[in-house]
Novice: 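Take a look at this one; I'll ask things after.
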Amino acid sequence: MIAGDGPRLLDLAARRADAWNTLGGQPMRGSGRPSVSLQEAVATTGQHVAGLVESCERVGRDPDAIRRTLLAYRVSPDLFSSADTFADYVGRYREVGVDEFVFYWPTDPETFERVPKYEQALERIASETIPTLRASAVSSPQN
């Protein structure tokens, strides 16, 4: 797995990776740049996916041979506030070509302490929403 969104990393992923990982269009904390809206983050990720596809085509590799993963980073609104919010987030990124997701354990973003209501929501999302999302991914072809 190669993580990163710059052109050189996308070229390297096209040549060598089994998987490519992104932070979903959000700038790194400590970069001095604030987080961006979900709409902007998804659009940026779509551009990065297109860059990966172009890099694959340049080196003669099938772009679908590389898994596209996303680490949910600097997410707003909170993914675990509802199943609909979670499904919307995943759906938006799936539309631009992301096929695997990694999520942090739901904690308070300021204190990193456990939040029981988020953990309960995660249980519901894991048992009800994720299986539905997986089933829809299997039944619809990847673009």
Side-chain angles (χ1 to χ4, degrees), residues 1-57 61-143:
M1 178 180 291
I2 293 178
D5 299 318
R8 289 178 37 200
L9 284 171
L10 294 174
D11 285 343
L12 180 60
R15 290 191 317 273
R16 303 281 182 218
D18 296 317
W20 165 72
N21 184 264
T22 179
L23 295 177
Q26 291 292 351
M28 292 288 296
R29 285 192 171 104
S31 68
R33 297 180 305 166
S35 61
V36 298
S37 71
L38 180 57
Q39 182 177 351
E40 184 178 341
V42 171
T44 298
T45 301
Q47 293 168 357
H48 294 150
V49 169
L52 178 64
V53 169
E54 290 170 12
S55 292
C56 286
E57 290 170 351
R61 186 162 183 206
D62 178 3
D64 291 333
I66 301 172
R67 294 185 339 266
R68 299 171 193 152
T69 70
L70 178 140
L71 172 61
Y73 182 73
R74 295 180 93 173
V75 178
S76 181
D78 187 322
L79 284 175
F80 303 107
S81 62
S82 74
D84 288 341
T85 300
F86 184 90
D88 178 61
Y89 180 89
V90 168
R92 288 179 191 227
Y93 281 103
R94 283 174 61 191
E95 286 177 7
V96 298
V98 174
D99 48 37
E100 294 182 21
F101 297 84
V102 177
F103 301 98
Y104 289 106
W105 187 259
T107 61
D108 180 286
E110 299 300 320
T111 64
F112 298 103
E113 291 187 21
R114 295 176 73 167
V115 180
K117 72 177 182 177
Y118 290 165
E119 291 178 1
Q120 292 165 358
L122 174 60
E123 286 289 333
R124 283 190 307 278
I125 288 166
S127 65
E128 299 167 16
T129 307
I130 291 174
T132 301
L133 291 170
R134 280 190 180 137
S136 69
V138 170
S139 65
S140 60
Q142 178 78 4
N143 294 338

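Note: hydrogens, waters and symmetry copies are ignored here, and every other heavy atom, side chains too, is used. Numbering of residues begins at 1 and proceeds along the displayed sequence. Quick caveat: nothing in here was measured; it's all calculated off a predicted structure.
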Novice: Would you say R61's side chain and I66's backbone share a donor-acceptor pair under 3.5 angstrom?
Specialist: no

Novice: Rounded at 0.5 Å granularity, tell me how far CZ in R16 sits from CG in D11.
Specialist: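 Interatomic distance, R16 CZ to D11 CG, rounded to 0.5 Å: 12.0 Å.
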
Novice: Where do L9 and A3 come nearest, in terms of heavy atoms and distance?
Specialist: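 For L9 versus A3, the nearest heavy atoms are CD1-O, 3.6 Å.
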
Novice: Do you know which two heavy atoms are closest between P63 and C56, and how far apart they sit?
Specialist: CA-SG, 3.8 Å

Novice: Ignoring hydrogens and geometry, is there a side-chain-to-backbone donor-acceptor pair from R67 to D99 under 3.5 Å?
Specialist: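 Not a single qualifying donor-acceptor pair exists.
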
Novice: Identify the heavy atoms of L79 and F86 that sit nearest to each other, and give their distance.
Specialist: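 Heavy atoms only, the tightest pair is O-CB, 3.5 Å.
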
Novice: Are the charged groups of R92 and D88 less than 4.0 angstrom apart, N to O?
Specialist: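 Counted as a salt bridge, because a side-chain N and a carboxylate O are separated by less than 4.0 Å.
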
Novice: How long is the gap from CG on L12 to CH2 on W20, to the nearest 0.5 Å?
Specialist: 13.5 Å

Novice: Within this structure, what is the CG-CD distance for the pair L10 and Q47, rounded to the nearest 0.5 Å?
Specialist: 11.5 Å

Novice: Any non-hydrogen side-chain atom of R15 less than 4.5 Å from a side-chain atom of S55?
Specialist: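 In short, these two side chains do not touch, never coming nearer than 4.5 Å.
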
Novice: If every non-hydrogen atom of G97 is compared with every non-hydrogen atom of V49, which pair is closest and at what distance?
Specialist: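 Smallest interatomic distance, heavy atoms only, reads CA-CG1, 4.5 Å.
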
Novice: Closest heavy-atom contact between D108 and V115?
Specialist: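 That closest heavy-atom pairing would be N-CG2, 3.4 Å.
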
Novice: Under 3.5 Å, side chain of Y93 to main-chain N/O of L70, donor-acceptor pair present?
Specialist: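 No; judged by distance alone, with no hydrogens or angles, the pair does not exist.
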
Novice: For residues G24 and A41, report the shortest heavy-atom separation together with the two atoms involved.
Specialist: O-CB, 3.1 Å

Novice: Out of curiosity, T45 OG1 to E40 CD, how far, rounded to the nearest 0.5 Å?
Specialist: 10.5 Å

Novice: Tell me whether the guanidinium CZ or amine NZ of R29 lies under 6.0 angstrom from the six-membered ring centre of Y73 and within 45° of its axis.
Specialist: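 Yes; both conditions hold, so R29 lies above the ring face of Y73.
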
Novice: Under 3.5 Å, is there a donor-acceptor pair between the side chain of Q26 and the main chain of V36?
Specialist: yes

Novice: Could you state the interatomic distance from CZ (F103) to CZ (F80), rounded to the nearest 0.5 Å?
Specialist: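 One gets 6.5 Å once the value is rounded to the nearest 0.5 Å.
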
Novice: Applying side chain to side chain contact (heavy atoms under 4.5 Å, CB included), run through Y104 and V75 and close with a yes or a no.
Specialist: CA-CA 10 Å; Y104 289 106; V75 178; over 6 Å; no

Novice: Are any side-chain N or O atoms of Y118 and backbone N or O atoms of W105, one a donor and one an acceptor, separated by less than 3.5 Å?
Specialist: no

Novice: What distance do E119 atom CD and T107 atom OG1 have between them, rounded to the nearest 0.5 Å?
Specialist: 9.0 Å

Novice: Report the C-alpha distance between V53 and E57 in whole Å, list the side-chain angles of each, state the deciding distance to 0.1 Å, and finish with yes or no for side chain to side chain contact (heavy atoms under 4.5 Å, CB included).
Specialist: CA-CA 6 Å; V53 169; E57 290 170 351; 3.6 Å; yes

Novice: Got a donor-acceptor contact below 3.5 angstrom from the T69 side chain to the E100 backbone?
Specialist: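 A pair under 3.5 Å: no.
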
